[in-house]
Amino acid sequence: MKIYDFHSHVIPETIIAAIRADPALYGTQIEERDGGRWLVRGRLRLELPAELWSADAKLESMDRKRIDVAVISPGPQVFFYDLPEAEGARAAQLVNDGTAALVAARPDRLRGMATLPMQHPDAAVAELERAARELGFRGVEIATVAPRGEIADPKYRPLLRRAQELKLTVFAHPNTVGAGAGRLADYYLANIVGNPLETTIMLSHLIYSGALDELPELKLLLAHGGGFAPYQIGRLVHGHKVRAEARANSGSSPKQLLKRLYFDTITHDPQALRYLIDLVGADHVVLGSDSPFDMGDEDPAGTINGVAPLGVEERENICGRNAMRLLGE
């Protein structure tokens, strides 16, 4: 069975060129030095290795990691949710067209996911439909917090409902991008702690708001092993039992709702990954690398091999079968 990586990032040349042409609009600069390129925004300084914008380099990385097929999604650095509606929609189109071009270069080994202009829900629905119908994408990537409120807010329900109708996978990825403030400003805590925390907050809202009750067929994939939520699900269950606020909009068990979702393998600990598999089932976990970022997993196939005990069927589900099912392949 082919090994699929469902968490692999790109920043296409289309958006790099747009940023270089109008850095003021994007609040971002592209710097070239020491033979490389860097994306610079405030405290964020991100090197742009070839894997982010070259299909050939992405495949070289996949070969090193023993990955057969990668589902590529935009790095959160190019969500650009703070742009005005028209400019935000155009930025998403540039990213998605660039991602589609990378896929077209190697359709045998690459699949694409789209970013959406979440600052305007109607425009986000329109781009979701374009990505599915014109670009052939079977998934979209959204941040764990949107510019107009929580993903669980009613204003985003039509977007999630349309994704459900089109049977698209919705990949929820944190957008803190390592440039935090306050208590998370030091030690890279904005990413190390902030990213899984953002996912946990988003999911808690989806559970308690009743949004997941309304969307029983939504294929929602959570990055980084689901953040802290799987490992504190007992607390979410207990809060639902003892607090009227937590159960006001949903009568469903948070644990049962959690088991409907999908999670990648990026936990950085075999015991944590084994717990996640036991909690939600091997049919709801997909392999992920978070390539090429340094908080990713350089050997995702080896990570799976390090989880014990892991049966043949569990391994095949996690390494490929679940991804194929989410992609409709």
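- For Leu279 against Lys259, the heavy-atom pair with the smallest separation is O-CE, 3.1 Å.
- Under the 4.5 Å side-chain contact rule for hydrophobic residues, Tyr231 and Val193 do not share a cluster.
- Residues Arg274 and Leu310 form a side-chain contact, since some pair of their non-hydrogen atoms from C-beta on lies under 4.5 Å apart.
- Taken to the nearest 0.5 Å, the CZ atom of Arg111 stands 12.5 Å off from the CG atom of Asp5.
- Using a distance-only test at 3.5 Å, with no hydrogens or angles considered, a donor-acceptor pair links the side chain of Asp297 to the main chain of Asp299.
- Other residues, nucleotides and ligands place no more than 12 heavy atoms under 6.0 Å from the CD atom of Glu313.
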| Derivation and outcome, side-chain hydrogen bond (donor to acceptor under 3.5 Å, both in side chains), residues Asn96 and Glu127 | CA-CA 9 Å; Asn96 296 338; Glu127 183 60 15; 2.8 Å; yes
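- Put simply, the residue from His173, His224, His7 that forms a side chain to side chain donor-acceptor pair (under 3.5 Å) with Asp264 is His7.
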| side-chain contact (heavy atoms from CB on, under 4.5 Å) between Asn317 and Val285, worked out | CA-CA 8 Å; Asn317 278 338; Val285 178; over 6 Å; no
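- A heavy-atom distance below 4.5 Å is not found between the side chains of Asp153 and His205.
- At a threshold of 4.5 Å between side-chain heavy atoms, the hydrophobic network of Ile, Leu, Val, Met, Phe, Trp and Tyr places Val103 and Tyr4 in two separate groups.
- Contact between Val78 and Pro74 at its shortest, heavy atoms only, is CG2-CB, 4.0 Å.
- Crowding of His238 atom NE2: a count of heavy atoms from other residues, nucleotides or ligands under 6.0 Å not exceeding 12.
- The OH atom of Tyr188 sits 4.0 Å away from the CG atom of Asn191 when rounded to the nearest 0.5 Å.
- Taken from CG in Asp56 to OG in Ser61, the straight-line distance is 12.5 Å, to the nearest 0.5 Å.
- Taking 4.0 Å as the cut-off between side-chain N and carboxylate O, Glu129 and Arg162 count as a salt-bridged pair.
- Contact check for Gln29 versus Arg41: no side-chain heavy atoms found under the 4.5 Å cut-off.
- Side chains of Thr115 and Val140 form no contact here, defined as non-hydrogen atoms less than 4.5 Å apart.
- Here the side chain of Thr28 pairs a donor or acceptor atom with the backbone of Tyr26 at under 3.5 angstrom.
- Under a 3.5 Å cut-off, the side chain of Gln119 and the backbone N or O of Phe80 do form a donor-acceptor pair.
- Checked against Thr144 for a side-chain contact (heavy atoms from CB on, under 4.5 Å), the options Ile151, Thr199, Leu197 give a single hit: Thr199.
- Between Glu32 and Arg20 there is a salt bridge, with a side-chain nitrogen of the basic residue lying less than 4.0 Å from a carboxylate oxygen of the acidic one.
- Residues Leu276 and Val237 fall within the same hydrophobic cluster, defined by Ile, Leu, Val, Met, Phe, Trp and Tyr side chains chained together at heavy-atom separations under 4.5 Å.
- Residues Ile266 and Gly288 come closest through the heavy atom pair CG1-O, 3.5 Å.
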| request: Please step through side-chain hydrogen bond (donor to acceptor under 3.5 Å, both in side chains) for the pair Asp97 and Thr14, ending with a clear verdict. | output: CA-CA 8 Å; Asp97 289 347; Thr14 45; over 6 Å; no
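- For Lys155 (side chain) and Arg148 (main-chain N/O), a donor-acceptor pair under 3.5 Å exists by modelled atom type.
- Inter-residue side-chain proximity for Leu287 and Ile67 is flagged as met; some heavy-atom pair is nearer than 4.5 Å.
- Counting heavy atoms from C-beta outward, Ile72 and Phe6 have side chains that stay 4.5 Å or more apart.
- A salt bridge does not link Glu329 to Arg138: none of the charged nitrogens lies less than 4.0 Å from a carboxylate oxygen.
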| query | Under the side-chain contact (heavy atoms from CB on, under 4.5 Å) criterion, do Phe171 and Ser73 qualify, and how do the steps go? | reply | CA-CA 9 Å; Phe171 179 40; Ser73 55; 3.8 Å; yes
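- Inter-residue side-chain proximity for Ile207 and His240 is flagged as unmet; no heavy-atom pair is nearer than 4.5 Å.
- Taken from CE in Met118 to OH in Tyr81, the straight-line distance is 5.0 Å, to the nearest 0.5 Å.
- Judged purely by atom type and a 3.5 angstrom limit, Lys219 uses its side chain to pair as donor or acceptor with the backbone of Leu326.
- Side-chain atoms of Asp68 come within 3.5 Å of backbone atoms of Ile3 as a donor-acceptor pair (strictly under, hydrogens ignored).
- How far NE2 of His120 is from CG of Leu116: 13.5 Å, rounded to the nearest 0.5 Å.
- Aromatic pair His284/Phe263: centroids not less than 6.0 angstrom apart.
- Clustering ILVMFWY residues whenever any of their side-chain heavy atoms sit less than 4.5 angstrom apart, transitively, puts Leu206 in a cluster other than the one holding Phe228.
- Residues Gln232 and Thr200 form no side-chain contact, since every pair of their non-hydrogen atoms from C-beta on lies 4.5 Å or further apart.
- When atom types are taken as modelled, the side chain of Gln164 and the backbone of Glu217 share a donor-acceptor pair closer than 3.5 angstrom.
- Under the 4.0 Å criterion applied to side-chain N and carboxylate O atoms, Lys58 and Glu51 are assigned as salt-bridge partners.
- Within the 3.5 Å criterion, the main-chain N or O of Glu316 finds no donor-acceptor partner in the side chain of Arg321.
- Following chains of ILVMFWY side-chain contacts shorter than 4.5 Å, one cannot reach Val10 starting from Ile19, and the two form parts of different hydrophobic clusters.
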| task | Could you give me the CA-CA distance, side-chain angles and deciding distance for Asp283 and Ile318, then say whether side-chain contact (heavy atoms from CB on, under 4.5 Å) is met? | result | CA-CA 7 Å; Asp283 57 340; Ile318 295 168; over 6 Å; no
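- Under the 3.5 Å distance criterion, the side-chain polar atoms of Thr267 are left unmatched by any main-chain donor or acceptor of Ala272.
- More than 12 non-hydrogen atoms from other residues, nucleotides or ligands lie less than 6.0 angstrom from CD of Glu47.
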| request: Begin from the C-alpha positions of Leu128 and Leu166 and carry the test side-chain contact (heavy atoms from CB on, under 4.5 Å) through to its verdict. | output: CA-CA 10 Å; Leu128 175 147; Leu166 293 173; 3.5 Å; yes
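- Atom CG of residue Leu48 and atom CD of residue Glu31 lie 10.5 Å apart, to the nearest 0.5 angstrom.
- Without hydrogens or angle criteria, Glu314 side chain to Gly311 main chain gives a donor-acceptor distance under 3.5 Å.
- Closest approach of Leu102 and Trp53 over heavy atoms only: CD2-O, 3.5 Å.
- Of all heavy-atom pairs between Leu220 and Ala172, the closest is CD1-CB, 4.2 Å.
- The two residues Ile11 and Ile16 come nearest to each other via the heavy atoms O-CD1, 3.5 Å.
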